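We count ligands from 1, going down the list as the structure has it; atoms in each ligand are counted the same way. Values in this document were obtained by computation on a predicted structure and should not be read as measured data.
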Amino acid sequence: METLKEKEAALQKSYMREVRMLVEDAEKRRGKKLTYHVTTFGCQMNAHDSEKLKGMLDEMGYSEIESENADFVIYNTCTVRENANLKVYGRLGRLHSYKKKNPDMIIGLCGCMMEEKDVVEKIKSSYKFVDIIFGTHNLFQFAQLTLRRLQENKMVIGFEADDNSKIIEDLPSRRKYSFKSGVNIMYGCNNFCSYCIVPYVRGREYSREAEDILSEIKALADDGVKEIMLLGQNVNSYGKTLAKPVSFAELLRKTEEIEGIERIRFMTSHPKDLSDELIDVMAESKKICKHLHLPVQSGSSELLKKMNRHYTKESYLELAEKIQKRIPDIALTTDIIVGFPGETDEDFEDTMDVVRKVRYDSAFTFIYSKRTGTPAAGWESVPEDVVKERFDRLLNEVQSIASEKAMAYEGKTLDVLVEGINEHDSSLVTGRLSNNSTVHFAGDESLIGKIVPVYLKECKGFYYLGERK
Ligand code: 5AD
Ligand code: SF4
């Protein structure tokens with residue numbers, strides 16, 4: 001029997017065929033291929049969604065080009081910090097000038113920012129040249145919305161779906177790399193950190209069935225994929241709400257059994273519910289990369305409480321130490337917010353203290369950005385100059401520790417998954433270590449997608465120059 005999700009997928013594929021016929025007609029009429037470009041803002045989740053958009057655009061008969069001066073341009077947006085939004089508005093102006101010269105051009109906006117009502121209102125009133133708007137919940141309806149736009153010739157907004165459980169499987173996707181791929185294991189977030197807009201735009205947490213995830217990974221492995229990145233806002237709460245609960249550690253164990261998959265990564269792990277079972281699986285695994293992204297956000301227990309993070313400075317440090325003892329070669333990375341409302345000098349010193357104690361291999365540092373609708377938006381802000389001074393100090397510390405840690409690998413020989421030809425020097429290839437660091441070494445196209453041992457001859461701070469062994 002066909003399930004509802006299968007029915008929906010079949011329906012969407014029929015819309016793709018209908019669009020394709022219209023595109024072929026237009027190509028004949030205009031005597032040229034119709035082109036597309038997808039621009040991605042934000043996180044890995046968005047990058048993965050963009051691969052789905054590209055897969056659907058391919059099915060609809062459009063051809064990808066490098067430039068945004070295309071017949072169909074999609075901005076897959078992010079709204080986690082305000083400057084991400086500002087960037088989109090800024091770049092829309094340029095798209096408008098392209099559209100003036102190519103009136104048949106279609107401009108689509110999707111992603112997290114489009115889940116905000118105010119944003120959609122603003123675009124409806126001030127950016128009338130935009131053709132299609134849809135949020136993260138409506139990604140699967142992309143072809144349907146495109147067809148409507150082509151038939152009706154006015155702005156189309158897709159907002160029927162607001163529930164992650166309606167997310168459908170089995171739509172086309174086009175991977176950026178033939179040998180590595182993201183795999184969604186869950187959608188949404190239930191954590192409501194007080195600064196974060198994600199739970200409001202991405203909706204409630206919803207885990208995919210383990211069987212569906214594993215069969216997707218098997219199919220990817222059959223297609224030559226060697227590295228997968230399991231994606232979720234908090235992978236540690238994966239599977240808790242399934243009819244037959246499955247822990248994230250169990251999912252990893254099953255993923256590890258899949259032949260052909262050689263490297264497994266995942267993002268993101270919340271420190272509040274990282275289990276001992278997960279640490280054991282990572283320690284015992286030959287495939288799970290020795291890299292854990294463990295966002296700390298702040299080192300101050302008081303601020304962590306205000307942030308609604310459910311751990312303290314001490315419990316975080318204990319956890320980090322436990323992981324580093326059990327998996328000595330692990331690379332720990334993190335996210336840190338500077339200037340959260342009410343952050344005092346002492347709070348900030350606690351953050352610096354955590355950075356010095358954990359010694360992260362790298363850290364993403366962010367200046368707090370007020371997001372309307374979140375609890376922290378109403379709290380008193382820290383003066384800009386104070387934030388700036390703290391931010392610079394933190395960045396310095398983070399970078400000097402990171403380069404010391406990177407230096408320790410100099411002279412070692414480690415496996416590198418080769419990703420492509422070096423962008424600046426075509427006699428070199430570029431690849432990644434298990435801990436996600438970049439390595440450049442002499443090689444050619446035949447190495448792309450292969451895992452090869454490389455001698456790390458020289459550490460250049462954030463990357464290595466190597467020699468194939
Ligand atoms: N301001 C600054 N940084 C934020 N992040 C999430 N919300 C905000 C905000 N309002 C950061 C957190 C998170 C990362 C993805 O983005 O550090 O881990
Ligand atoms: Fe945002 Fe917190 Fe959810 Fe991460 S865990 S997406 S920071 S609310």
Side-chain angles (χ1 to χ4, degrees), residues 40-49 77-87 111-113 115-116 136 164 184-207 229 231-238 240-241 248 266-274 292-300 303-311 316 332-343 347-348 351 354-355 358 360 362-382 384 387-388 390-391 394-395 398:
T40 311
F41 299 85
C43 66
Q44 303 271 356
M45 198 88 78
N46 264 18
H48 187 48
D49 280 351
T77 64
C78 168
T79 187
V80 78
R81 284 169 292 275
E82 198 189 359
N83 53 10
N85 294 37
L86 298 177
K87 234 191 260 169
C112 289
M113 199 175 146
E115 291 288 346
E116 288 185 277
T136 55
N164 279 325
N184 291 115
I185 65 165
M186 57 204 299
Y187 301 95
C189 180
N190 282 355
N191 291 315
F192 291 95
C193 300
S194 60
Y195 51 81
C196 186
I197 200 164
V198 169
Y200 304 90
V201 293
R202 287 244 172 202
R204 291 298 58 73
E205 198 171 281
Y206 169 75
S207 295
M229 164 87 87
L231 297 169
Q233 299 297 347
N234 175 19
V235 294
N236 295 331
S237 56
Y238 169 77
K240 288 183 181 160
T241 53
F248 180 55
F266 54 86
M267 277 268 219
T268 290
S269 228
H270 195 306
K272 78 178 160 65
D273 50 8
L274 191 145
L292 186 65
H293 187 63
L294 197 62
V296 65
Q297 313 298 0
S298 165
S300 152
L303 275 203
L304 286 167
K305 193 153 190 229
K306 288 189 190 150
M307 288 177 164
N308 196 29
R309 292 288 293 177
H310 300 281
Y311 54 86
Y316 183 95
L332 280 185
T333 59
T334 201
D335 292 341
I336 301 169
I337 298 176
V338 180
F340 182 78
E343 185 186 69
D347 291 325
F348 179 69
T351 299
V354 169
V355 165
V358 176
Y360 295 104
S362 88
F364 295 104
T365 49
F366 305 109
I367 287 179
Y368 169 74
S369 168
K370 188 190 269 200
R371 306 312 288 127
T372 311
T374 61
W379 303 345
E380 197 181 339
S381 55
V382 182
E384 223 172 283
V387 176
K388 178 87 182 65
R390 286 178 190 161
F391 183 84
L394 175 69
L395 193 62
V398 158

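Applying the side-chain hydrogen bond (donor to acceptor under 3.5 Å, both in side chains) test to Thr40 and every residue at least two apart in sequence or in another chain returns Ser50. Residues forming a ring pair (Phe, Tyr, Trp, His ring centres under 6.0 Å) with Phe348 (at least two apart in sequence, or on another chain): none. For the ring pair (Phe, Tyr, Trp, His ring centres under 6.0 Å) test, residues two or more places apart in sequence or in another chain that qualify with Phe248 are Phe266.
In this structure, Arg202 pairs ionically with Asp49, as a charged nitrogen and a carboxylate oxygen lie closer than 4.0 Å.
Of the candidates Asp335, Thr365, Val338, the one placing a heavy atom closest to atom 14 (C) of ligand 1 is Asp335.
Counting non-hydrogen atoms of neighbouring residues, nucleotides and ligands closer than 6.0 angstrom, the NZ atom of Lys272 exceeds 12 such neighbours. Within a 6.0 Å sphere centred on CZ of Phe364, other residues, nucleotides and ligands contribute 12 heavy atoms or fewer.
Counted by atom type alone, Asn46 and His48 present zero donor-acceptor pairs between their side chains at under 3.5 Å.
Of the heavy atoms in Tyr195, both backbone and side-chain atoms come closer than 4.0 Å to ligand 1. Contacts between Arg309 and ligand 2 below 4.0 angstrom, taking non-hydrogen atoms only, involve the side chain exclusively. At a heavy-atom distance under 4.0 Å, only backbone atoms of Ile367 (N, CA, C or O) approach ligand 1.
Contact atoms of ligand 1 toward Ser369: 1 (N), 2 (C), 9 (C), 10 (N) (distance under 4.0 Å to a heavy atom of the residue). Applying the 4.0 Å criterion to heavy atoms of Val80 picks out, from ligand 1, the atoms 6 (C), 7 (N), 8 (C), 9 (C), 10 (N). Within the listing of ligand 1, atoms 12 (C), 13 (C), 17 (O), 18 (O) sit less than 4.0 angstrom from a heavy atom of Gln297.
Ser194 places a side-chain N or O within donor-acceptor distance of the main-chain N or O of Lys306, the cut-off being under 3.5 Å. No side-chain donor-acceptor contact under 3.5 Å links Arg81 to the backbone of Lys370. A distance-only check finds no donor-acceptor pair linking the side chain of Thr351 to the backbone of Ser298 [under 3.5 Å].
Not one N or O of Tyr368 is nearer than 3.5 Å to an N or O of ligand 1, by distance alone. At a 3.5 angstrom cut-off on N or O pairs, Arg371 does not count as close to ligand 1.
For atom 4 (Fe) of ligand 2, the nearest protein heavy atom lies 4.0 Å away or farther.
Distances shorter than 2.8 Å separate atom 3 (Fe) of ligand 2 from the protein N/O/S atoms Cys189 SG.
Relative orientation of the Tyr311 and Tyr316 rings is tilted, given thresholds of 30° and 60° on the angle between their planes.
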| field | Val201 and Thr136: CA distance, side-chain angles, deciding distance, side-chain contact (heavy atoms from CB on, under 4.5 Å) verdict | value | CA-CA 8 Å; Val201 293; Thr136 55; over 6 Å; no
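Protein heavy atom closest to atom 7 (S) of ligand 2, with residue, atom name and distance, is Tyr195 OH, 3.4 Å. The nearest heavy-atom contact from the protein to atom 11 (C) of ligand 1 is Arg81 NH1, 3.2 Å.
A heavy-atom separation below 4.0 Å is not found between Val198 and ligand 1.
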